[in-house]
Amino acid sequence: MDRAAQFIRDRGLDAMRIAGRKVGAGRDRAIDVFNPYTNERIGTVPKATLEEVRQAFETAHAFRPTLTRYERAAILHKAAALVRERLDDIAGLITAEAGLCLKDSIYEAGRVSDVLLFGANEVLKDDGQIFSCDLTPHGKKRRVYTQRSPLLGVITAITPFNHPMNQVAHKVVPSVATNNRMVLKPSEKVPFSAIFFADLLYEAGLPPEMLHVVTGDPREIADELITNEHVDLVTFTGGVSIGKYIARTAGYRRVVLELGGNDPIIVMEDADIDEASTLATQGSYKNSGQRCTAVKRMLVHESVAARFTEQVVEKTRAWKFGDPLDKGNDMGTVIDAAAAELFQSRVNDAVSQGARLLAGNQRDGALYSPTVLADVRPEMTVVREETFGPVSPIIRFKSIDEAIAISNGTAYGLSSSVCTNRLDYITRFVSELQVGSVNVREVPGYRLELTPFGGIKDSGLGYKEGVQEAMKSFTNLKTYSLPWA
Ligand code: NAD
């Protein structure tokens, strides 16, 4: 038996977790999970019944967490230590179910440990505010204080495939840190990392009623996850169409949406082209190009476009891809063959409309080579839509006005990278790009796990993630006021 399959079986990762109990292993109604590189089935997860989903919400809702800040921090610290101790297991699991290369999955495991550490630190802080009330002519001798409390109901978390464990950590850790109860539904394409993460938290001392993991067919259980009477908040990371469906369906509930992106790297005429082309290729190919904040469009000033393109092609050719388990590789597969076929067809479509293919566009199953396309125009599907894979479409512009217009010209508004040292350019980009983040001389995906993160327009409603902001959105803010001399 395949090593990953054995690991999954030995640890009972083929079952859901309802209050820590392993539910549903080995049943007929199950979803197969395949290794995208070998195409072998590495395990199955149960298709939850509606009754089981309701049971998870009932159990979560009935439980009243009483962990002190000290205890929550201790659990999160312990879990971070467990992640570091089991880094190889975690990376192996992510690589087996997502096809990401070990370089990417080891990096992801490190990020998960960071999320836990930031959660442990944040929980020790009290962000309560104090307002004196004698501030105006009709003021009073009182003070208003603020205090955060966990939600009265349960949080539903729904996560995508691209970072099988880190997306989960970004929802579960703030929930634990704020003493909430959560029902998590990971992507059916990569469920095992999520279940393993839940087990680490139970092992670290988390009361199991605070975290439940259900798996299944979204067509059967998604509506229950969104509308169950006990759900107070739905936090979702994934594609735009499902995000908007959740917004429509959730009704009178808080909804946090982290949706798709179409992030540009903008290279101005004064940019260091070696640095810019390195950022462009890393931003485009890391995690097999499957990051919401991956570089999906390369906008370059026409006066440096030839040099930039040449260097991007050179660095693309040097990007090693293939067997995800080979530690020398920089890239493994994309999530499945269907995704690779979509990229190939979008690239072919762009070529038929006048774009020039300079590297890549080779496909073998779910393995898709890093690909460079020049002479791309903004209206081509490959850049108008989110192409969630290792494709580098290069678009030329003549002025900063045009760069900003192209950048703002899609439905998305997640993040961006700008390569320039000119302060006049930087200030314009920061104020005029319609995005959630602007990173100067860094990839769009640069962030701390702690810092506010999230997009606008079709990329999200402006509610941020990042441990600190997620903790805010997972709490109710109460004020109380006292007489004060
Ligand atoms: P997806 O939207 O296909 O699936 C996401 C999750 O939604 C999965 O768990 C899936 O089972 C579930 N789902 C399916 N149908 C549902 C329904 N009707 N109701 C509720 N949930 C349902 O996304 P994906 O393909 O797994 O991930 C890729 C997408 O996620 C990309 O668009 C990417 O940009 C986006 N993403 C965004 C961020 C961000 O922070 N903004 C981060 C990572 C990925």
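Treat the numbers as computed from the prediction; the structure is a model and nothing was measured. Residue indices begin at 1 and follow the sequence shown. Order of appearance sets the numbers: ligands from 1, and atoms from 1 within every ligand.
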Could you tell me which residues satisfy side-chain contact (heavy atoms from CB on, under 4.5 Å) with Thr316, sequence neighbours excluded, listed by chain and number? Thr281, Tyr285, Val312, Ala359, Pro370, Val372
What pairs with Phe397 under ring-ring contact (aromatic ring centres under 6.0 Å, His included), at least two apart in sequence or on another chain? His301
Working for side chain to side chain donor-acceptor pair (under 3.5 Å), residues Asn179 and Arg148: CA-CA 11 Å; Asn179 247 345; Arg148 290 189 183 275; over 6 Å; no
Partners meeting ring-ring contact (aromatic ring centres under 6.0 Å, His included) with Phe196 (sequence neighbours left out): Phe7
Residues Arg111, Glu108: salt bridge by 4.0 Å N-O rule: no
Contact residues of ligand 1 with a heavy-atom cut-off of under 4.0 Å? Ile158, Thr159, Pro160, Phe161, Asn162, Gln167, Lys185, Pro186, Ser187, Glu188, Pro218, Ala222, Ile226, Phe236, Thr237, Gly238, Gly239, Ile242, Tyr245, Ile246, Glu258, Leu259, Gly260, Gly261, Cys292, Glu386, Phe388, Leu414, Phe453
Is the charged tip of Arg41 near the ring of Phe34: under 6.0 Å from the six-membered ring centre and within 45° of its axis? no
